[in-house]
A.B. asks: 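Next up is a structure, given as structure tokens.
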Protein chains: 4
Amino acid sequence: MRKNMRGRPRSRASQEAVLRAAVELLEEQGFTAMTMEGIAVRAEVSKQTVYRWWSSKSEVVVEALSTGYFPGGLPIMQHSGEGRDDLRADLRAWLDAMRESIACEADASLTQAVLVALAGGSERSAAVHEWLVMPMREALERRFIAHDQRHPGTLAGPPEFLAELLAGSLLLRLMFAEPTSSQWVDQLLDFVSPAPLRRPLE
Amino acid sequence: MRKNMRGRPRSRASQEAVLRAAVELLEEQGFTAMTMEGIAVRAEVSKQTVYRWWSSKSEVVVEALSTGYFPGGLPIMQHSGEGRDDLRADLRAWLDAMRESIACEADASLTQAVLVALAGGSERSAAVHEWLVMPMREALERRFIAHDQRHPGTLAGPPEFLAELLAGSLLLRLMFAEPTSSQWVDQLLDFVSPAPLRRPLE
Amino acid sequence: MRKNMRGRPRSRASQEAVLRAAVELLEEQGFTAMTMEGIAVRAEVSKQTVYRWWSSKSEVVVEALSTGYFPGGLPIMQHSGEGRDDLRADLRAWLDAMRESIACEADASLTQAVLVALAGGSERSAAVHEWLVMPMREALERRFIAHDQRHPGTLAGPPEFLAELLAGSLLLRLMFAEPTSSQWVDQLLDFVSPAPLRRPLE
Amino acid sequence: MRKNMRGRPRSRASQEAVLRAAVELLEEQGFTAMTMEGIAVRAEVSKQTVYRWWSSKSEVVVEALSTGYFPGGLPIMQHSGEGRDDLRADLRAWLDAMRESIACEADASLTQAVLVALAGGSERSAAVHEWLVMPMREALERRFIAHDQRHPGTLAGPPEFLAELLAGSLLLRLMFAEPTSSQWVDQLLDFVSPAPLRRPLE
DNA sequence: ATGTAAACGAGACGGTACGTCCAGTCTTCCG
DNA sequence: CGGAAGACTGGACGTACCGTCTCGTTTACAT
């Protein structure tokens, strides 16, 4: 049984041009300053075509960001490798990357843009939460769980809590462009995994 | 040396009416939907009078919130009293209050509104950070410090870190209306002060 | 020599549906308010099919009206019959019918619509003139000529002039929904044929 | 008792610029092609200012025309002068002027524009009738009455009828750009005032 | 008491973007 | 190929606020 697709099919070129334009303008002007009209002009597409597929600015932005048009994206926690399992090193690498993101104008404005995008209503709120907050939280959580399995009892608390606390703190700092010092990172590392790297020294 | 104050003095009534109107509209419509024009109408004041004293919507909102026109405000951590010093009980009380705030539509939308208000520029960002984030963080910090002085070594980490992590996590949950369970609160308590209140009982 | 007619032949059903829809919408909404899109929808025909055969709204309307889809049409002057030749009676009958048309909302708005349809350019102007003005003028003229042949010298002026003046006056009244009284009709009759029917009575 | 006029007064400059722009565009593009947006741009006025005072294109045009922004206007019947009283000469002069108007592109398109303007509704219809039809009719009527008083019994009919018939015929010819020959004018003169130039021959 | 001067209300102004509508064209599939 | 469906560009629509600008009015201090 085939599906009967009458009428001119949706133009992939237009769709992509809009999302690309949205990200460009988001970086250049920020969420509040960018306009639907501007997106259409930049994408060389009629305004009607934008409104046909997205009903608001935030919908365009959310789709653009959540389908990978975000140039780079926030740093995600990496696992150090097969044989190695150095949580402390992995965390430090990630926190350093986050430190750059916080200092980076573009990243900060993108985060703010996303926040503004969610201000409209709870539907959007959920989308943003799923796209911005959850990935960071989950990446951290997976890493913590892995570490906990290999070195039981060396974490300061349940993996999901550590993940949530860390994510919350970092996102808030990102939002307010509150820089993180290397000292702060050290303290954080000690806090999350106090034992594993200290005990050997004893 | 006297200051020469010619001309009609600023009307306190107008000033208050504007701030009151701003808060009302913030609750009713959210930050994005409310307008300077709407504020003027609601306050029964001419638009020019609003612009004479505040140059933008976010300035009005920030002043309104930071001078106490915020109806209620977020719960703040209380100290259990002179003789007593039960961190666990104080934290639980505060976390329960936060749980209600998170569930409360008005509080969540106000928090979102405030966060959005900062999206415009870094000047505002600082004001919001100072008004919204710092108070929570500092209240927690003070409490943790007090506890640490009485019961050294029983905190899971440096007071300022615990404060920041907790504040970050809670604000993020508030922002996204992510509810907190009592189970979650229990785990959090165990996490923050694992030993001090339990071990002595053993 | 046969003409080679390849492909699917033009659908008569579609053509008629379009013209019918055009007249319906003309009556319901007037010329300005009706749209090509609306015609297509009402006729249950694709927009392209409309554009394939008519290049503009006024073309559709003009064809619809000039091929008899006009419901009713303006009253036309009748000849009283073979043996009889009462110009005065015929004129009175026709003027009474026109009086009703002028009072009739639908007729007036249709006339206005047709006039508006010509506003675009001179091509259309000619078509409308031919369809709306000429018939009335010619019917009157024929009648006046017939009368003049039987009763020479009893008309107030050359037949073609009387016809033009009458048609002009009546169409203008129709256009502006300016009602005609029976008194006005009397005066008009006296004016057109002052002597022929009165003097003999003296 | 003074009238309290609060608020910034209406700008006469803007008002005039809009009406002037409307007439210019009417001549250049015709009624259908001109747009509210175009009027605003041409008048160097914001679109909102146009809509503040006129709710539609036809309102602007009608006001522009009825307050004298019409460049020239249709020719009006003149009285030949104090001592003289030559209706025939006056009529001939006016009909010659009308002949030029009919041939003139600008005049014809203006007349058509006015017609289109009235198509919207009966409110406008009345305004147009008052501005376009009545003046012509009344000027003719006044002249006929004057002539009738001096030379009773020399007119082909009641002054008001002659006026209406003439106006109707001429306006319809103007509308459809149907030219008038000098021969036609002669016949018309004979028709309107059969006696004055005929009787001497008797 | 009488200026003088700033704050006030009212509201018009030039703008910008909104979100909708329709004109025409183009692209795809079906009969 | 004709026709139905419907996406496309383009541009005007009428509205909502923006932030600025006159106005006439009010209110307090300074003569």
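Note: hydrogens, waters and symmetry copies are ignored here, and every other heavy atom, side chains too, is used. Reminder, nothing fancy here: chain letters follow the sequence lines and each chain counts from 1.
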A.B. asks: Would you mind building the protein contact string for nucleotides 6-13 of chain F? One character per nucleotide, 5' to 3', B for base within reach (heavy atoms under 4.0 Å), S for sugar-phosphate only, - for untouched.
C.D. replies: BBBBB-SB
A.B. asks: Can you name the residues that form a side chain to side chain donor-acceptor pair (under 3.5 Å) with A/E28, not counting sequence neighbours?
C.D. replies: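 A/E28: side chain to side chain donor-acceptor pair (under 3.5 Å) contacts with A/R42.
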A.B. asks: If you look only at pairs with a residue in residues 55-64 of chain D, which of them pass as a salt bridge (charged side-chain N to carboxylate O under 4.0 Å, His left out), with sequence neighbours excluded?
C.D. replies: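 Checked against salt bridge (charged side-chain N to carboxylate O under 4.0 Å, His left out) - neighbours excluded - no pair reaches residues 55-64 of chain D.
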A.B. asks: For D/E130, which residues count as a side-chain contact (heavy atoms from CB on, under 4.5 Å) partner, sequence neighbours excluded?
C.D. replies: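 Applying side-chain contact (heavy atoms from CB on, under 4.5 Å) to D/E130 gives none.
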A.B. asks: Can you tell me how far P of E/dG14 sits from CZ of D/R42, to the nearest Å?
C.D. replies: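 Those two atoms, CZ and P, are 17 Å apart.
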A.B. asks: So, using side-chain contact (heavy atoms from CB on, under 4.5 Å) as the criterion, who are the partners of B/R10 when residues are at least two apart?
C.D. replies: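 B/R10: side-chain contact (heavy atoms from CB on, under 4.5 Å) contacts with B/Q15, B/W53, B/W54.
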A.B. asks: Specify the separation, in whole Å, of atom CD of A/E59 and atom C1' of E/dC18.
C.D. replies: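 Atom-to-atom, A/E59 to E/dC18, this comes out as 16 Å.
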A.B. asks: Could you list all the salt bridge (charged side-chain N to carboxylate O under 4.0 Å, His left out) pairs where at least one residue sits in residues 45-56 of chain D, not counting sequence neighbours?
C.D. replies: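 Found D/E37-D/K47.
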